[in-house]
Structure formats: C-alpha cells, structure tokens
Amino acid sequence: MMEGNLPEDLANLSELDEKSLLEVLTGRFTQNLIYTYIGDILVAINPFKYLSIYEKAVSEGYKCHEKKSLPPHIFAVADRAYQSMLGRLATGPKNQCIVISGESGAGKTESTKLLLRHIMELCKANSQLEQQILQAFGNAQTVMNDNSSRFGKYIQLRFQNSSVKGAKINEYLLEKSRVVHQDEGEQNFHIFYFMLAGISAEDKEIYGLLDPTRYRYLNGRFGQDDIVQTWRVKYAEVCNAMDMVGFEEQGQFGVQEEDLLKSLTCTTSMTRGEAIQRLHNQQQAEDARDSIAKVAYGRVFGWIVSKINELLAPKVDCDVELNEIGILDIFGFENFAVNRFEQLCINLANEQLQFFFNHHIFLMEQKEYKEEGITWDTITYKDNKPILDLFLTKPIGILSLLDEQSAFPQATDRDFVDKLNSKFKTAPNFEVVRNHTPLFTIVHYAGKVQYNASGFLEKNRDTIPANIRELFINSVTPLLSVLFAATISRTGTLMPRRAKLQVADDNFNSTRKQSVGAQFKHSLAVLMEKMFAAGPHFVRCIKPNRSKQPDQLDSKLVMDQLRYNGLMETIRIRRDGFSWRPTFREFAERYNILLLKPDLPMDKSSCMSILNSTELSGWKCGSSRLFFKYWHQEELARLLETLGRAALVIQKNYRARICRRRYLALLAEIRRQRQAQREREEREEEERRRQQLEEERKRRLELEQENLRPASPPVPLPRKKKPEPRPRSVLSVIPKASHLAPVPRPRSKLFEPIDEERIKEKHLKKTNTIRWFKETQVRKLTRDGEFPSWFHGMITRRGADRCRHYMVEMQSNGKYVILGEDRAHSSLTDLVQYHTQVGIKPFMELLTVPCGQMCDQEPDYEELRAFTSSSSSSSSSSLPAVEHPAEDRDMDTGSHKVHLQMQRLFLPPGGNSNTDSHKPPVLKRISDRRRRVEAQMEHKEDDPTAENRPFPRLYPSIRLAMREIQQIQQVQTHTHTHTHTQDIHNIYRPG
Ligand SMILES: Nc1ncnc2c1ncn2[C@@H]1O[C@H](COP(=O)(O)OP(=O)(O)OP(=O)(O)O)[C@@H](O)[C@H]1O
C-alpha cells in the first residue's frame with residue numbers, strides 16, 4: 001500500500017539516501033502517518049497530539065492481520081510478537097521481546113502502553129492499573145518530557161496457550177536523587193504533587209502535611225489552579241488504582257522524634273568499647289536528611305513493584321512451561337546541561353540496547369552470509385562495542401574504576417576523574433576536560449556527553465548511616481521496618497524480609513554490599529541474556545521537535561536521530577539482506593506439511609522440494625541454512641494457513657461422516673428394538689385374548705351345568721378387577737432382550753428420592769448466610785431502620801421484567817467493587833452514588849433508585865424482613881410485605897450488641913487506648929487517629945440517622961461467607977430455573 005509516493009516500508013525506497021529518507025518520513029508525518037516500516041522494524045514519530053488511530057475498532061482490525069493488508073502500526077508489532085510467541089509465524093512457540101528505543105520524550109512509554117493494550121485485548125485481560133501506579137511514583141516532569149520515566153522497566157507477560165497468566169515487572173535504577181533535588185525546569189516525582197493537591201483536609205492534618213509551597217523538596221513551588229485540579233483528579237485515580245490492586249493504608253515514620261533528630265544531627269561510633277558521639281556540621285546533617293528521603297522513597301518504590309509482582313504472579317502450576325513476551329521501556333538517551341551519575345547509567349543502558357540492535361541486525365546476519373558462502377557486499381555500521389568496553393571492562397572500565405575509588409573512604413570525585421583521565425586519555429571515545437570541577441566527556445553512539453562527576457562516589461556507594469537504618473528498622477510502622485531491613489539483590493531488586501532488630505550481622509553497610517554501578521551492570525547482563533534468547537521486535541521512536549509541539553518537524557533533529565540510530569544502514573540491510581535464516585532442519589520440520597508427505601528427511605533436498613512446490617522467489621541457500629527476506633515468513637505462513645483451513649474442512653467432513661454412521665447404527669437399533677417390542681406386545685395380546693376366550697368358554701360351561709341343576713337362588717359372581725393401565729413410556733415398552741445391554745434410563749431430578757442430607761446442608765448454609773448478613777451487613781445498609789431503595793436484598797424476584805443484577809465484592813482491604821468494574825469504593829452508598837452517574841460495564845447502564853419491580857412470589861429469605869420493621873408495609877420499599885419472625889423483633893438491641901462484639905473482634909490488635917501513655921509520641925498520633933475513628937463509630941452508632949456508618953475492618957470470613965452465598969445461589973439456580981439471581985447487598989436495577 002502507498003500513500004501518494006510515500007512508501008509504507010522504507011526498505012522499498014527506490015533511491016536510498018538521507019534526503020529521500022527524510023522526505024518520506026516528513027511527508028508521512030504531515031499526513032499524520034506517524035508509523036513507517038523498515039522491513040520488520042517499526043519507526044514511530046511522536047505526534048505530540050491525539051490521533052484517532054488507537055480506537056478499539058482499529059485494534060480489532062490488527063488482530064491476526066496480514067502485514068501488507070494494513071498500514072504500519074504499533075498494534076501490528078504487538079500482534080506479530082503475539083502470533084510469533086504462539087508459534088503461528090516462522091518458528092514454533094518461542095519467547096519474544098519488544099525493544100523500544102529512542103531519546104527522552106520520543107514516545108517509548110506511550111508505545112509500551114499501546115503494545116500492552118493490544119496484547120491484553122488479544123487475550124482479553126487488563127493491565128492499565130499497574131501502569132498508572134508505576135507512572136505516578138516513577139515518572140516526573142523533565143525539560144525533555146513532561147511525563148518522563150525516571151526508571152527503566154522490562155515487563156514480562158507470561159502466557160499459557162494463548163491467554164496471559166501473569167506478568168513480572170523488573171525495574172531499573174530509579175532516579176532517587178530527584179526526591180531531594182531537581183534542576184531548573186524540572187519537578188519531583190508526580191505523586192508528591194498529586195497527593196498534596198488531592199488529599200483530604202482531614203488526612204492532611206493526620207499526616208501533618210503543610211502548604212505545598214513550604215516544601216524544600218518541591219523547591220517551594222506548586223502549580224496554578226487548573227493544573228492543581230488535574231493533579232487532584234490524578235490523585236483520586238491513583239488511589240483508586242491502588243485500592244483495586246490491593247494496597248492498604250500505611251502509617252507514618254513511626255519513630256521517636258528525639259531519636260530521629262539525634263540520628264540526623266550526630267553520629268555515634270564505638271572506640272574501645274566506648275560510644276563517642278560526634279555532632280554533624282550543617283552540610284552533614286542535610287546530607288543525612290536527604291539520604292533518609294532518598295532511601296525511603298527508593299525502597300517504597302521497590303516495594304510497590306514487588307507488591308505488584310506478587311499480585312501479577314502467574315496463577316498456574318510451577319511446572320507448567322509458560323511462554324513470554326517481554327517489553328523493554330528503558331529511559332531514553334539523555335544529554336542535559338549538567339549530566340550526573342544517573343545520566344551515565346541511563347546512557348550506558350542505551351549503549352547496551354544499541355549494541356543488541358546492531359548485533360541482531362548487522363553482526364549476526366553478515367557473519368552468517370560469510371560462513372554460509374552467500375555473495376554479499378558488506379554493509380558497514382557504527383559498532384559501539386568499544387564504548388561498551390570502555391564502561392564495562394574489568395579491571396579498568398569506568399564502572400570498575402568507580403567501584404575501586406568508592407571503596408576508599410577518603411577518595412574524592414576529583415580522584416576518580418583523575419584516574420579516568422590517566423587511564424583513558426588515548427581512548428577514542430573518551431575526552432579529557434581540563435576544569436576545576438571534575439568533568440569528563442564520552443563520545444556515545446548518539447553524540448558527545450559531558451559528565452560532571454560531583455557526587456559520583458557517594459551515589460555509587462549509596463549507603464545509609466547505620467544509626468539511621470537501625471532507627472527505621474525499629475519503626476512501629478511495619479512497612480518501614482521491613483523496607484529498611486530488606487536487602488538488595490545483585491541486580492538491585494529489593495528483597496523484603498522480616499525486620500531484625502540487630503543489624504550488626506548483615507552486610508548492608510559492609511564492603512560486601514554491591515555498589516549501584518555493579519548492580520546496574522548485573523541487571524543489564526541478566527536483561528541481555530533474556531533478550532538474546534528471545535525473538536526480537538524493534539520499535540525505534542523519533543522525537544520530531546524539542547518544544548513538544550504537534551505538527552512540527554525539525555529536520556536536523558530528526559536527521560540526527562536517524563543517523564545515530566543507524567537507520568540508513570538498517571534500511572539497506574533490510575532491503576538487500578535476509579533477515580530470516582532458518583537451518584535446513586528448522587525449515588523442513590515446520591514446512592514439510594506443504595508437501596503432504598509425513599516422513600520427509602530433515603535435510604537440504606527436502607527443503608528444496610518444499611520451496612520448489614511454492615512460488616516463492618528471492619531466497620538463497622547456504623551450506624547449512626536458508627536465507628529469506630523478511631516478507632517470505634508471511635507468505636509461507638499464508639500457505640500454512642490455507643492448508644490449515646483445508647485440514648479443518650477435511651476434519652469437519654470426516655467427523656460428520658463418522659457421527660452419521662454412528663447415528664444410523666443407533667437408529668437401526670432403535671427401530672429393531674421397537675419392532676421386537678411390537679411383536680412381543682402382539683404376542684402378549686394374543687395370549688391375553690386366548691385366555692379370555694378360555695375363561696369365557698369355562699364360564700359358559702359352568703352356566704350350562706348350573707342350568708342342569710335343580711332350581712335354587714342365584715349366587716352373584718365376584719366382580720373381576722379391571723386390568724391396570726400400563727404406562728405408555730417408550731422405554732418401558734422396549735422388551736428387555738437377554739442378548740442386549742439394558743438401555744440406561746435418564747433419571748429426572750424431580751423423581752429422585754429426597755436427599756435429606758442435602759436439604760439439611762442447604763438449610764444450614766442459608767441460616768449461616770443470613771446470620772452473617774445480619775451481623776455484618778445490615779448495620780451498614782439500613783438507614784432509619786430501612787433498607788435503601790436500591791437494595792433488593794436477598795429477596796428473589798421471580799418473573800421480573802429485565803432486571804440486571806450486579807455482584808458487589810468486598811476486597812481484603814475493606815473496599816467495595818462491582819465485579820468487572822475497575823473502581824473501588826469505601827462504602828456501598830459511595831458505590832451506588834458513583835454508578836448513578838457513571839455507567840456499569842459492559843452494558844453502560846446507570847443505577848437508578850428505586851427499582852420498583854413488583855414481585856408476587858414469596859421471598860426466599862423472609863427472615864430479613866425483620867430489619868425493615870418500620871417500613872415493611874410501605875409500598876415504596878423494595879421488599880414485599882411479610883410477617884416478621886418473632887425471634888428478630890428485638891433485632892435493634894441484639895444487632896447493636898453484635899456490632900460492638902464484632903468491633904472488638906475485628907479491630908487490629910493493639911488498639912487498646914490504655915497503653916497509649918507508654919507509647920512514643922509519633923506512635924501516639926497514629927493511635928489518636930484510630931481512637932478518633934473509633935469515637936466516630938461509637939457516635940454514629942448512637943445516632944440512628946447516621947449514614948455511611950464506618951465499619952471495622954473485616955477479615956477473610958466475609959469472603960468465605962460471600963462464597964457460601966454464591967454457592968447457595970448456584971444450587972438454587974439449578975433447582976429453580978425461573979429464579980432470579982440472589983446476591984447479598986448486590987442487587988440493583990440499572991435504568
Ligand atoms: N502515540 C502518541 N500519541 C500521542 N501523543 C504521544 C504519543 N507518543 C508520545 N506522545 C506524547 O509524548 C509525550 C512523551 O512520550 P513518552 O513519555 O512516551 O516518552 P519517553 O520516550 O518514554 O520518554 P522518557 O524516556 O523520558 O520516559 C507523552 O506524554 C505524550 O504526550
């Protein structure tokens with residue numbers, strides 16, 4: 001397909017030079033065609049505006065599509081990765097990875113989201129919530145991008161057959177220093193702004209939050225009203241996402257204020273068994289403060305990722321092999337006015353990715369041409385291996401020298417730069433900078449970057465003073481205690497473990513602790529290992545202008561990116577080269593079916609026979625493998641598909657034939673049995689008639705003899721019983737032939753003997769359900785002693801006219817959610833209020849009140865009637881009028897007691913206010929809050945008109961009860977087919 005003379009695939013360019021390449025891309029961009037192929041590689045130019053190319057209908061179109069039939073699209077990449085993972089393209093099932101690269105703001109994260117969305121739609125799952133949480137905590141505004149990812153991530157989607165079973169997120173190198181310092185034009189992580197804009201006044205007071213402009217870590221700045229309003233909405237969305245994912249509220253620091261102050265202002269060291277305290281100067285105290293902030297934030301982020309991973313872990317047997325699609329969205333190449341340790345690591349990651357790309361596209365391919373004797377004009381490309389070596393070689397790579405210097409407590413950043421200068425002054429990719437600040441320059445594949453080494457050693461060591469760590473391990477806030485006790489793996493992953501009060505025995509601050517540089521190096525090595533083992537797909541993102549404006553393309557900026565990405569060379573190799581190179585065996589195994597010969601040998605001659613049977617041209621044959629253009633894969637896949645469809649038709653007809661044969665045999669048997677039955681009946685009938693005649697004859701004989709006797713009064717004969725009518729069942733008339741197996745008779749449930757046990761069990765379950773409902777739910781639902789009108793309760797509505805019922809689930813964190821919806825609510829009333837305005841998926845109906853449906857049947861759970869004592873006769877109530885069982889009349893006082901007992905039972909342990917006076921001051925604040933909530937609850941209990949009654953945290957027993965109710969429901973649906981669904985607190989009528 002062509003748009004004018006703008007090819008969709010740059011590998012089809014008739015003239016290949018930089019000018020025509022730029023012309024095509026610019027031309028397409030001005031027509032809002034942001035995607036272009038280079039063979040199987042996708043080039044994506046950031047439009048910086050909304051384009052209507054991501055709608056559901058578009059995504060539907062790309063499902064299992066043929067590449068040439070639709071324009072280039074990010075969905076096409078997702079689809080190709082998915083089909084390849086399932087083994088529907090060139091190879092059998094295999095892990096895949098999608099590598100998205102480009103500079104900061106080029107559109108990598110947006111592309112990742114679109115890829116995930118399409119893959120999730122292919123297998124009907126959802127993943128947006130986790131992304132929302134990670135973005136709030138890991139993204140920030142930078143000069144290059146308003147929503148820049150300040151961490152790298154590799155998302156592994158795990159599949160079994162064709163459906164996603166779970167996922168794992170690996171995070172790389174969160175830019176923690178942003179918590180305490182941001183350069184001009186930049187901001188802290190989004191979550192701080194969202195929270196300060198959206199938090200309620202009450203929570204603000206509880207957490208002791210100040211006016212946003214008073215925070216040093218926000219540079220004393222906040223936003224204008226309109227942006228604050230956006231943040232407020234975002235905060236609600238993030239809170240909702242966290243509720244949905246299952247996060248629970250956590251406390252504050254939970255440490256004694258005096259201890260915290262002490263650890264910030266002085267250090268304690270032991271000299272000959274004596275503790276010596278040394279006061280910090282101002283700088284040292286500020287550093288200690290900042291290091292707490294950075295470590296706490298970094299560890300909370302690591303914990304969020306590990307929590308999300310727990311929730312996303314595949315729910316399958318560990319032995320089952322899963323296939324995987326990995327999506328790599330790692331921070332883009334960065335070159336700021338001042339480039340620090342973070343930029344060094346980010347740019348190293350980009351070098352590694354560029355190497356991976358080069359290796360796949362140029363190195364391996366051209367090496368194989370040579371080995372296999374294919375005639376080929378070598379394409380030269382910018383090999384960045386020397387730059388990688390400059391960073392990673394041991395013992396004299398930049399990272400090793402940094403580690404060496406970090407190990408000396410007295411070494412300075414200047415010493416480190418001096419060391420680099422002396423070791424690399426002649427290296428081609430290193431430039432010495434003469435300056436009083438410790439600077440050095442590296443010539444990256446994407447351009448020269450000057451680094452300022454100030455702070456390198458400290459950031460690489462990344463240690464927290466032992467006294468501070470100990471203080472937080474002893475925090476009464478369990479999360480902080482666990483996080484500060486956690487260790488960090490070799491690849492930098494947080495490994496939470498039980499808090500230990502002693503820190504002396506672990507290696508947190510010892511010399512054995514891995515430096516940040518070493519962790520990053522390991523994590524990159526692990527990542528590369530995974531990626532090299534998978535089938536790669538590449539998305540090259542291009543940033544059209546620096547001012548983030550739509551419809552503007554800065555030719556120089558774009559050309560620079562095309563150059564350093566090596567796109568000219570990529571086009572050449574995709575145009576002239578052979579990107580798919582299976583061995584003879586691989587090819588014959590997969591495509592021998594095309595010859596319809598099962599026992600074909602897996603060798604070159606078979607491959608030739610297969611290929612000659614097709615109309616494929618342009619491929620080459622080496623000494624051990626075949627060489628194909630990227631489009632050959634699709635053509636072969638199409639041939640396989642045609643065969644597959646034919647096989648389906650054959651199978652369909654064959655199965656139909658077998659079934660028909662079986663059917664005819666059965667029919668003949670039934671006919672034979674019926675005939676036999678008829679014959680037997682006729683025989684029986686004849687026998688009966690014969691007997692009747694015989695009896696008649698006997699009677700007549702007796703009469704005649706009687707008439708011959710002298711006259712006497714007649715004796716009446718006993719009346720003969722009429723023969724019983726025989727049941728006219730088809731089965732009952734079939735004779736039981738001794739040579740035939742008896743035909744089993746289907747047993748109707750209605751005629752089954754009544755199973756006493758089952759009835760008892762059902763009754764018990766029902767009683768338990770009602771008891772649970774009485775004890776836990778009723779108080780939350782009733783207002784002024786009545787159920788709200790949206791509540792149908794557990795009353796069955798038989799024969800009602802169209803009333804959809806939604807199941808409400810209570811999550812482990814006490815929030816309510818309509819199953820299938822992605823928003824959690826703190827109370828049922830909130831839930832109803834929300835869905836009165838926002839539609840329920842998938843029908844997009846709104847809840848309305850009241851339901852107003854009439855029901856002329858008896859309710860199943862009439863015990864509940866007792867709770868609406870005052871309103872049972874009211875016609876507006878959703879519950880029909882029935883008698884109140886006597887046992888429930890005193891419910892008000894009874895349930896009050898139950899409620900108090902429940903409260904005692906369900907409150908987390910340690911809520912006893914008597915112990916408050918012994919607790920440290922910060923702990924007291926938390927207890928204060930708890931007491932306040934309790935007091936509110938008590939107060940509301942006394943007040944019969946109180947709405948939205950807060951209810952103590954409920955434990956899994958509720959889930960169990962809910963499940964039981966569902967089971968009862970299922971049993972009832974089986975036995976009463978006309979019965980509507982019955983749910984607890986979950987029956988509404990949408991308008
Ligand atoms: N396909 C797209 N359609 C519309 N806007 C887009 C698209 N891709 C990117 N953008 C816009 O560009 C901005 C930057 O994109 P994105 O955050 O994905 O860049 P990035 O390459 O991930 O940057 P970083 O490396 O800094 O994280 C987005 O916030 C969005 O406004």
Side-chain angles (χ1 to χ4, degrees), residues 176-182 188 192 206-220 250-300 341 406 408-413 454-486 499-504 506-511 513 516 918-926 928:
K176 285 181 293 189
S177 59
R178 182 167 294 272
V179 176
V180 299
H181 172 86
Q182 307 98 42
N188 211 320
F192 292 112
I206 288 169
Y207 293 111
L209 292 175
L210 308 172
D211 187 83
T213 51
R214 294 187 57 193
Y215 285 105
R216 174 195 305 271
Y217 288 167
L218 304 185
N219 286 332
Q250 303 290 336
Q252 297 157 297
F253 270 0
V255 296
Q256 299 253 21
E257 265 176 19
E258 315 84 89
D259 291 347
L260 180 60
L261 198 67
K262 208 156 100 189
S263 61
L264 286 172
T265 52
C266 62
T267 45
T268 310
S269 57
M270 298 295 286
T271 310
R272 286 186 223 103
E274 226 180 291
I276 299 174
Q277 282 197 352
R278 207 172 304 126
L279 275 181
H280 283 159
N281 61 27
Q282 185 175 344
Q283 186 58 47
Q284 285 167 325
E286 284 177 3
D287 288 349
R289 173 200 66 201
D290 290 348
S291 82
I292 291 177
K294 284 189 286 184
V295 173
Y297 194 83
R299 289 189 172 220
V300 165
F341 180 65
S406 305
F408 297 128
Q410 304 309 327
T412 63
D413 298 317
S454 310
F456 264 46
L457 295 191
E458 190 246 309
K459 283 179 181 169
N460 189 46
R461 291 184 193 120
D462 193 35
T463 47
I464 7 169
N467 57 342
I468 291 182
R469 184 169 181 245
E470 198 166 350
L471 181 72
F472 280 90
I473 286 180
N474 290 315
S475 159
V476 294
T477 303
L479 176 64
L480 274 186
S481 168
V482 169
L483 291 185
F484 273 80
K500 273 193 205 160
L501 297 187
Q502 275 201 340
V503 286
D506 72 41
N507 62 4
F508 188 85
N509 285 324
S510 74
T511 46
K513 182 193 169 266
V516 173
H918 307 300
K919 288 177 188 164
V922 186
L923 176 65
K924 237 175 164 181
R925 290 201 62 164
I926 299 168
D928 280 353

F408 CZ to L457 CG distance, which is reported to the nearest 0.5 Å =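 Going from CZ on F408 over to CG on L457, the span is 11.0 Å.
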Can you tell me how far the CG atom of L480 sits from the CD1 atom of I473, to the nearest 0.5 Å?
->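 Reported value, rounded in 0.5 Å steps: 11.0 Å.
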Contact summary for [X] and [Y], nearest pair of heavy atoms:
| X | Y | answer |
| --- | --- | --- |
| F341 | F456 | N-CE1, 3.2 Å |
| S406 | N460 | OG-ND2, 2.9 Å |
| A485 | R469 | O-NH2, 3.4 Å |
| N219 | Q182 | ND2-OE1, 3.3 Å |
| T265 | L261 | OG1-O, 2.9 Å |
| G455 | D413 | N-OD2, 2.7 Å |

Please examine the side chains of [Y] and [X], heavy atoms only from C-beta on, and report whether any two atoms are closer than 4.5 Å.
| X | Y | answer |
| --- | --- | --- |
| K176 | D462 | yes |
| F484 | V295 | yes |
| K294 | V180 | yes |

Mark yes or no for whether N188, through its side chain, and L218, through its backbone, hold a donor-acceptor pair below 3.5 Å.
->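 Such a contact is absent between N188 side chain and L218 backbone.
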Polar side-chain atom of Q284 near backbone of N281 as donor-acceptor pair, under 3.5 Å |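 Yes, Q284 side chain to N281 backbone: donor-acceptor pair under 3.5 Å.
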With sequence neighbours excluded, tell me which residues meet side chain to side chain contact (heavy atoms under 4.5 Å, CB included) with Q277.
->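 Counting only residues at least two positions away or on another chain, Q277 forms a side chain to side chain contact (heavy atoms under 4.5 Å, CB included) with K262, C266, T268.
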With no hydrogens and no angle check, do the side chains of E470 and N474 hold a donor and an acceptor under 3.5 Å apart?
->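 No, no side-chain donor-acceptor pair sits under 3.5 Å.
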For Y217, enumerate each residue passing the ring-ring contact (aromatic ring centres under 6.0 Å, His included) test, keeping only those at least two apart in sequence or located in another chain.
->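 Here no residue qualifies.
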